[in-house]
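What follows is a single structure, written as structure tokens, with notes after it.
As a basis for the values below, the full set of heavy atoms in this structure was taken, side chains included, without hydrogen atoms, waters or symmetry mates. This is a predicted model, so every value here is computed, not measured.
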Amino acid sequence: MNGVPIKRERANLVWLLAPLAVLAIAIAWLYSANPLSSFNNGAPPVENLTVERTILDSNGLRLLVRAGGSEPMSIAQVQVDAAYWEFTQDPAGAIARGDTAWVSVPFPWVLGEAHKVTFVTNTGATFDHEIPVAVPTPVPTSGNLVPQALLGAFVGILPVAVGLMFYPALRGAGPATMNFLLAMTIGLLGFLLVDTFEDALEFAGESAAIFQGPTMVVLAAAASFLLLMGVSRREGRPSGLALATYIAFGIGLHNLGEGLAIGAAFAAGAAGLGTFLVMGFTLHNVTEGIGIAAPMLKVRPPLWTFAGLALLAGGPAVIGMWIGSLAYAPHWSALALAVGAGAILQVIVEVSLYLMHSERRGPAAIFSPSVLAGLAAGVGFMYATAMLVKI
């Protein structure tokens, strides 16, 4: 009797391995026989080169490049401002598809000037990289990381904490006001969703083609949304402190992107622009604290809970500022923001369901005057304050 299940398991194993074996044989034949050689008409291979990091110091320029061509590619010459310069490459030799190499050029860059770097491959293909404003690249020392942390806290943690300070005044609000606040939370999160997704696609456009930026953003956002929905539903629909925590988490991932923008502004030498962005982002983020507090108006969490929520929502701005000022790879920034977009979408769904459940009116609750007013207020305030930070 026991022999039948064993034979069935062995048959299933054979049928599982057989397709894999056929695929392996086909790939081995493709490499050995090379049937594509008959299509070779002498055209050069497709090449792609992306600059991921640029470092300017007393020794000149250092650029981290990533190859994305169909075959290994070699950098034959480097031009800076249309003049050829000697260069060194680490590691030397051809750069395989997907690999990176550091290219060092002893070019005497001029502070505050714009420079154009052109890479010429051994096939004659050229790839340009612009340096809009030449300034020394910051190095990770306590002398600049501490002030950046203070600015990041000013941008992220302080405004969220200010928003959370409205909690005692809002606890006595009636049902209509509570619905207004919940709807305002949905409105501001909706704006953040669009803003985060837009920034993610912008970084994706700057990343190497091998990462398939837009596709990566969509897939990462969808995976983040589904994963967080599964986690949040383990014990039923989240509410109260749990829902506030999810809101703070989603906002925190968005604030990571804001920190990247401010850090990049300072790294590019736009100190005045960075100060302007700091003031704009601070005002922009105050409403986020109110949105985090809205689901908790029926409970009395301990004081340390508010501190934790402020750190969860605003702390990533500090990390983002450090990464932005010390240079970052665009594909990692796009991936982080895509995960943030998925988290924000999950929070929008949960807050919307919570609002409909609390009203016990289902989807009809969305069309009440207080809810529609809250949605308009959340989107309107975020849009108006975003004018201070868009350049």
Just how far is it from atom CG of D195 to atom CD of E198, taken to the nearest 0.5 Å?
-> 6.0 Å
V160 and L164, any side-chain heavy atoms less than 4.5 Å apart = yes
Under a 4.5 Å cut-off applied to non-hydrogen side-chain atoms, are E113 and H115 in contact?
-> yes
Taking it one step at a time, do W85 and L61 satisfy side chain to side chain contact (heavy atoms under 4.5 Å, CB included)?
-> CA-CA 11 Å; W85 285 81; L61 309 177; over 6 Å; no
Would you call the rings of H331 and F211 parallel, tilted or perpendicular, where under 30° means parallel and over 60° means perpendicular?
-> parallel
Student check: side-chain heavy atoms of I55 and W102 closer than 4.5 Å | yes
State, with a plain yes or no, whether a side-chain heavy atom of I95 is found less than 4.5 Å away from one of Q89.
-> yes
Run the numbers on T121 and F127 for side chain to side chain contact (heavy atoms under 4.5 Å, CB included), then give the verdict.
-> CA-CA 9 Å; T121 69; F127 300 92; 3.8 Å; yes
Starting at CE of M165, measure out to CZ of F306 and round the result to the nearest 0.5 Å.
-> 11.5 Å
Closest heavy-atom pair, A334 versus M216, reported as atoms and distance to 0.1 Å, is CB-CE, 3.9 Å
Linking I/L/V/M/F/W/Y whenever their side-chain heavy atoms sit closer than 4.5 Å, directly or via other members, would F180 and Y167 fall into one cluster?
-> yes
In plain terms, say whether D57 and R62 are close enough for a salt bridge, that is, a side-chain N and a carboxylate O under 4.0 Å apart.
-> no
Does the side chain of Q79 come within less than 4.5 Å of T126's, by heavy atoms?
-> no
Just jot down the side-chain hydrogen bond (donor to acceptor under 3.5 Å, both in side chains) partners of S224, sequence neighbours excluded, or say none.
-> none
Taken to the nearest 0.5 Å, the spacing of I131 CD1 from D81 CG works out to 8.5 Å
Does the side chain of L56 reach to within under 4.5 Å of the side chain of V135, using non-hydrogen atoms?
-> no
Apply side-chain hydrogen bond (donor to acceptor under 3.5 Å, both in side chains) to the pair E47 and T123, showing each step before the final yes or no.
-> CA-CA 9 Å; E47 295 180 332; T123 65; 2.8 Å; yes
Would you say L192 and V349 are hydrophobically clustered, going by side-chain heavy atoms of ILVMFWY under 4.5 Å?
-> yes
Smallest separation among heavy atoms of G250 and A343, with atom names | CA-CB, 4.1 Å
Do Y84 and V65 sit in the same hydrophobic cluster, where Ile, Leu, Val, Met, Phe, Trp and Tyr count as joined when their side-chain heavy atoms come under 4.5 Å apart?
-> no
Between A153 and P159, the two heavy atoms sitting closest are O-CD, 4.3 Å
Are the side chain of R97 and the backbone N or O of G68 linked by a donor-acceptor pair below 3.5 Å?
-> yes
Any idea which heavy atoms bring V217 and A204 closest together, and the distance?
-> CG2-CB, 3.9 Å
Point-to-point distance, once rounded to the nearest 0.5 Å, from CD1 of I344 to CD1 of I251 | 7.5 Å
Would you kindly confirm whether I186 and F381 end up in one hydrophobic cluster when ILVMFWY residues are joined by side chain heavy atoms under 4.5 Å apart?
-> yes
Roughly how far, to the nearest 0.5 Å, is CD1 of I292 from OG1 of T185?
-> 9.0 Å
Carefully, step by step, assess M73 and N48 under the rule side chain to side chain contact (heavy atoms under 4.5 Å, CB included).
-> CA-CA 9 Å; M73 57 185 298; N48 184 276; 5.9 Å; no
Going through the distances and angles, do Q346 and F249 end up as a side chain to side chain contact (heavy atoms under 4.5 Å, CB included)?
-> CA-CA 11 Å; Q346 180 260 342; F249 179 71; over 6 Å; no
Shortest non-hydrogen contact from G98 toward R66 = O-NH1, 2.7 Å
I75 and side chain to side chain contact (heavy atoms under 4.5 Å, CB included): which partner among V120, V103, N122?
-> V103
Should we say atom CG of L303 is surrounded by more than 12 heavy atoms from elsewhere, each under 6.0 Å from it?
-> no
Might you confirm whether atom CD of E130 has over 12 heavy atoms from other residues, nucleotides or ligands at distances under 6.0 Å?
-> yes
Kindly give the heavy-atom pair with the smallest separation between P132 and A114, and that separation in Å.
-> O-CB, 3.2 Å
Test applied, side chain to side chain contact (heavy atoms under 4.5 Å, CB included); reference residue, T54; option that passes from V117, L64, L63 | L63
Group every Ile, Leu, Val, Met, Phe, Trp and Tyr by side-chain heavy-atom contacts under 4.5 Å, then state whether L337 and L219 land in the same group.
-> no
The reported gap from CZ in F119 to CG in D128 (rounded to nearest 0.5 angstrom) is 9.5 Å
